[in-house]
Structures are given as C-alpha cells and as structure tokens.
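Here the structure is laid out as structure tokens; the discussion comes afterwards.
Index from 1, following the sequence.
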Amino acid sequence: KVGWYNAVLQPAFHLSYPDDTLAFVVLSTPSMFDKALKPFVNKERLKIIRDPVDQCVSHHLSHVKEKFPDQKVDVIFDYEILPSRKPKFLAQTAAHVAGAAYYYQRKDVKLDRWGKKKIYGVCIHPKYGGWFAIRGLLLFPDIQVPFLEQSAPVDCVSTEEKRIELLEQFNFHWQDGHYRDIIEVKERYSEEQKAYFATPPAERFRLLGLTQ
C-alpha cells in the first residue's frame with residue numbers, strides 16, 4: 001500500500017495517493033538480460049535512442065498496462081526524477097516496504113565505526129542477493145486495499161558482521177560486485193551481462209551492436 005511507503009519517509013518524498021492505494025514494485029531478475037533485453041534489442045533495433053534497458057522495461061510495462069484496459073495504471077520508472085532533481089520514488093524503500101527485498105542501512109548496524117563518512121544502504125534479495133534491480137512502480141489509483149496485510153522482507157543478512165561487510169563492500173568496493181554475493185544466491189548475472197553493466201553507458205550501444 002502507498003501508505004506503508006509514505007509512513008517511513010519525509011513528506012518531500014511522499015507519493016500523492018491515498019494510503020490504501022494498491023502498488024506493485026517491479027524487479028528484474030538475472031534472466032532479464034537474455035529473456036527480455038536481447039530479444040527487445042533484436043526486434044526494436046532502429047527505435048532504440050536512449051538507454052536500452054530503460055526502453056526495454058518501459059516497453060514491457062506498457063504491455064502490463066494494456067492487460068488492464070478498465071483500470072487506470074500509473075507507472076513510475078526508477079530513473080525518473082522531479083524538477084527538483086529528487087527521484088520520483090525511492091526504489092529501495094519501496095522494495096523493502098513491499099516485502100520484496102531487505103534494505104540494509106547504517107541504522108541496521110549496532111557497532112557503527114564509519115564516523116562522518118556517508119554510508120549508502122543497499123537492498124538484498126533472499127534468492128538473488130544483489131544480482132537484481134528495482135525497475136519501477138505500478139500504481140492502481142482506483143483500487144483501494146484497506147485490508148491488505150504487510151509482509152516483512154526476508155532478513156537474509158542477519159548477523160552484525162555480515163551487515164558491516166555488506167555495507168563496506170557496497171560503499172567502498174562496489175565496482176567489483178562482491179557485495180552481490182553476501183549470501184548464497186540461486187542465480188547471478190551471466191558474464192555477458194556483467195560485462196554490459198560494467199561498461200560505461202555511452203559505450204553499451206556498441207556492445208549490443210547498435211550505433212548511438
């Protein structure tokens with residue numbers, strides 16, 4: 001429910017819907033690259049003019065909207081920002097309150113040894129660890145669900161030591177991706193997919209055989 005999200009955030013980040021409004025957080029799993037992105041690129045090659053992943057997600061979520069012709073469906077993508085440069089929604093907070101992935105933050109560690117350093121939080125999925133992404137939010141403004149019960153996300157990094165390791169790996173060594181394997185995972189990115197996301201965005205077109 002939108003109210004779960006708004007309840008844990010400052011008013012500046014609130015979504016302007018009634019508290020009982022139904023919302024879905026959309027995640028992409030490791031198989032998205034082969035099952036969705038590559039077929040999309042092959043089919044829509046001439047129409048890709050910005051980030052191929054963003055366009056692919058937009059394409060598929062527009063199909064989801066078409067499945068509900070009698071409902072109003074609002075979509076907010078993870079990359080959208082407001083004129084103030086703030087994101088339109090805080091993806092990791094949304095994933096946490098929806099029970100999709102646990103958002104580990106500095107406050108989840110008792111022995112904070114980072115002093116004045118800025119420490120960013122990170123979501124970990126119980127099945128995919130850090131090998132997933134939060135892509136968007138689907139909101140159904142006309143559907144109110146007052147009796148929907150909230151499910152807590154799975155706390156899969158439960159020890160203090162592991163949480164410290166996770167936050168340090170994510171904040172200070174994120175490029176090597178070790179934080180993604182903080183737990184044993186069922187599936188991770190393929191080598192091709194790792195190479196794609198490790199490549200600067202401007203050069204990814206070439207990897208997909210696209211001219212920018």
Side-chain angles (χ1 to χ4, degrees), residues 1-10 13-15 23-37 53-54 57 76-79 86-138 148-199:
K1 296 199 288 187
V2 166
W4 303 340
Y5 173 88
N6 286 347
V8 297
L9 290 171
Q10 303 287 335
F13 290 104
H14 285 187
L15 295 167
F24 290 86
V25 177
V26 180
L27 307 182
S28 65
T29 67
S31 61
M32 178 278 287
F33 194 79
D34 285 317
K35 289 183 178 175
L37 181 65
V53 172
D54 290 349
V57 172
I76 307 176
F77 296 101
D78 66 301
Y79 53 82
K86 284 193 179 85
K88 283 196 175 180
F89 82 106
L90 299 182
Q92 299 201 101
T93 300
H96 186 94
V97 300
Y102 201 106
Y103 185 24
Y104 291 97
Q105 301 176 74
R106 190 174 191 157
K107 64 183 175 59
D108 295 310
V109 170
K110 294 185 185 74
L111 299 170
D112 187 324
R113 58 194 187 189
W114 299 300
K116 292 185 176 173
K117 285 181 183 165
K118 176 80 174 167
I119 299 294
Y120 293 96
V122 59
C123 271
I124 295 294
H125 189 280
K127 183 176 176 183
Y128 303 114
W131 301 101
F132 78 102
I134 304 155
R135 298 295 180 188
L137 205 56
L138 291 174
L148 187 64
E149 291 188 13
Q150 187 170 11
S151 297
V154 177
D155 180 5
C156 49
V157 187
S158 51
T159 69
E160 175 86 355
E161 293 76 18
K162 279 288 184 187
R163 289 180 180 187
I164 289 170
E165 184 186 341
L166 170 65
L167 292 174
E168 292 197 340
Q169 287 282 353
F170 180 69
N171 280 274
F172 309 130
H173 311 286
W174 62 268
Q175 294 97 329
D176 62 27
H178 287 331
Y179 78 90
R180 299 179 189 270
D181 286 313
I182 194 71
I183 61 168
E184 198 168 309
V185 299
K186 302 281 194 296
E187 193 183 337
R188 54 172 58 85
Y189 291 177
S190 64
E191 291 305 314
E192 183 185 19
Q193 187 171 182
K194 285 182 198 171
Y196 179 81
F197 287 116
T199 301

### Summary
For Y5, the ring pair (Phe, Tyr, Trp, His ring centres under 6.0 Å) test, sequence neighbours excluded, returns none
### Message
Using modelled atom types and a 3.5 Å cut-off, is there a donor and acceptor pairing between side-chain atoms of E160 and backbone atoms of K110?
### Response
yes
### Task
Rounded to the nearest 0.5 Å, what's the gap from CD on E192 to CZ on F197? Could you check?
11.0 Å
### Message
Just verifying a value: how many Å separate R180 CZ and H125 NE2, rounded to the nearest 0.5 Å?
### Response
14.0 Å
## Note on the structure
Across all chains, not counting sequence neighbours, the salt bridge (charged side-chain N to carboxylate O under 4.0 Å, His left out) partners of K86 are none
### Message
If you apply the rule side-chain contact (heavy atoms from CB on, under 4.5 Å), what do you find for D78 with I134, and how did you get there?
### Response
CA-CA 7 Å; D78 66 301; I134 304 155; 5.6 Å; no
## Note on the structure
For A94 and L137, the nearest pair of non-hydrogen atoms, with its separation, is CB-CD1, 4.3 Å
### Message
My understanding is that only residues two or more places apart in sequence, or in another chain, count here; which of them pass side chain to side chain donor-acceptor pair (under 3.5 Å) with D181?
### Response
W131, R188
### Query
Counting only N and O atoms by type, is there a donor-acceptor contact under 3.5 Å from the side chain of H96 to the main-chain atoms of P153?
no
### Query
Can you name the residues that form a salt bridge (charged side-chain N to carboxylate O under 4.0 Å, His left out) with D155, not counting sequence neighbours?
R163
### Task
Would you indicate whether W174, at its atom CH2, is surrounded by more than 12 heavy atoms from other residues, nucleotides or ligands within a distance under 6.0 Å?
no
### Task
Go through the steps for L15 and F89 under the test side-chain contact (heavy atoms from CB on, under 4.5 Å), then give the verdict.
CA-CA 8 Å; L15 295 167; F89 82 106; 4.3 Å; yes
### Query
So which heavy atom on V2 is nearest to which on A23, and how close?
CG2-CB, 4.4 Å
### Task
May I ask you to check whether over 12 heavy atoms, not counting those of Q10, lie within 6.0 Å of atom CD?
no
### Message
Rounded to the nearest 0.5 Å, what separates atom CG in L9 from atom OG1 in T93?
### Response
5.0 Å
### Query
Would you say the side-chain atoms of Y104 pair up with the backbone N or O of L166, donor to acceptor, closer than 3.5 Å?
no
### Task
Quick one: list whatever passes side-chain contact (heavy atoms from CB on, under 4.5 Å) with T159, sequence neighbours left out.
E161, K162
#### Entry: Over 12 foreign heavy atoms within 6.0 Å of CD, E184
no
## Note on the structure
Residues at least two apart in sequence or cross-chain that pass salt bridge (charged side-chain N to carboxylate O under 4.0 Å, His left out) with E168, listed by chain then number, are R113
### Message
Going by the rule side-chain contact (heavy atoms from CB on, under 4.5 Å), which residues pair with K88 if we only count those two or more places apart in sequence or in a different chain?
### Response
I76, E80, L82
### Query
What's the verdict on side-chain contact (heavy atoms from CB on, under 4.5 Å) for Y102 and D108, showing C-alpha distance, side-chain angles and the deciding distance?
CA-CA 11 Å; Y102 201 106; D108 295 310; 4.1 Å; yes
### Summary
d(L167 CG, F172 CZ) to nearest 0.5 Å is 9.0 Å
### Message
Does F13 form a side-chain contact (heavy atoms from CB on, under 4.5 Å) with V8? I'd like the steps, not just the answer.
### Response
CA-CA 10 Å; F13 290 104; V8 297; over 6 Å; no
### Query
Excluding sequence neighbours, so at least two apart, what forms side chain to side chain donor-acceptor pair (under 3.5 Å) with S31?
T29
N/O donor-acceptor pairs under 3.5 Å from side chains in residues 117-124, not counting sequence neighbours:
none

### Test salt bridge (charged side-chain N to carboxylate O under 4.0 Å, His left out) applied to K127 - qualifying residues, sequence neighbours left out
none
### Summary
T199 and A195 have their tightest heavy-atom pair at OG1-O, 2.6 Å
### Message
Tell me every residue that passes side chain to side chain donor-acceptor pair (under 3.5 Å) with E191, counting only those two or more places apart in sequence or in another chain.
### Response
K194
### Summary
Hits for side chain to side chain donor-acceptor pair (under 3.5 Å) against W4, two or more places apart or cross-chain, chain-then-number order -> none
### Summary
When rounded to the nearest 0.5 Å, the distance separating NZ of K186 from OH of Y128 is 10.0 Å
### Query
Closest approach of G115 and R106, non-hydrogen atoms and distance?
O-NH2, 2.7 Å
### Query
For the residue pair L27 and A100, what are the closest heavy atoms and their distance?
CD1-CB, 4.1 Å
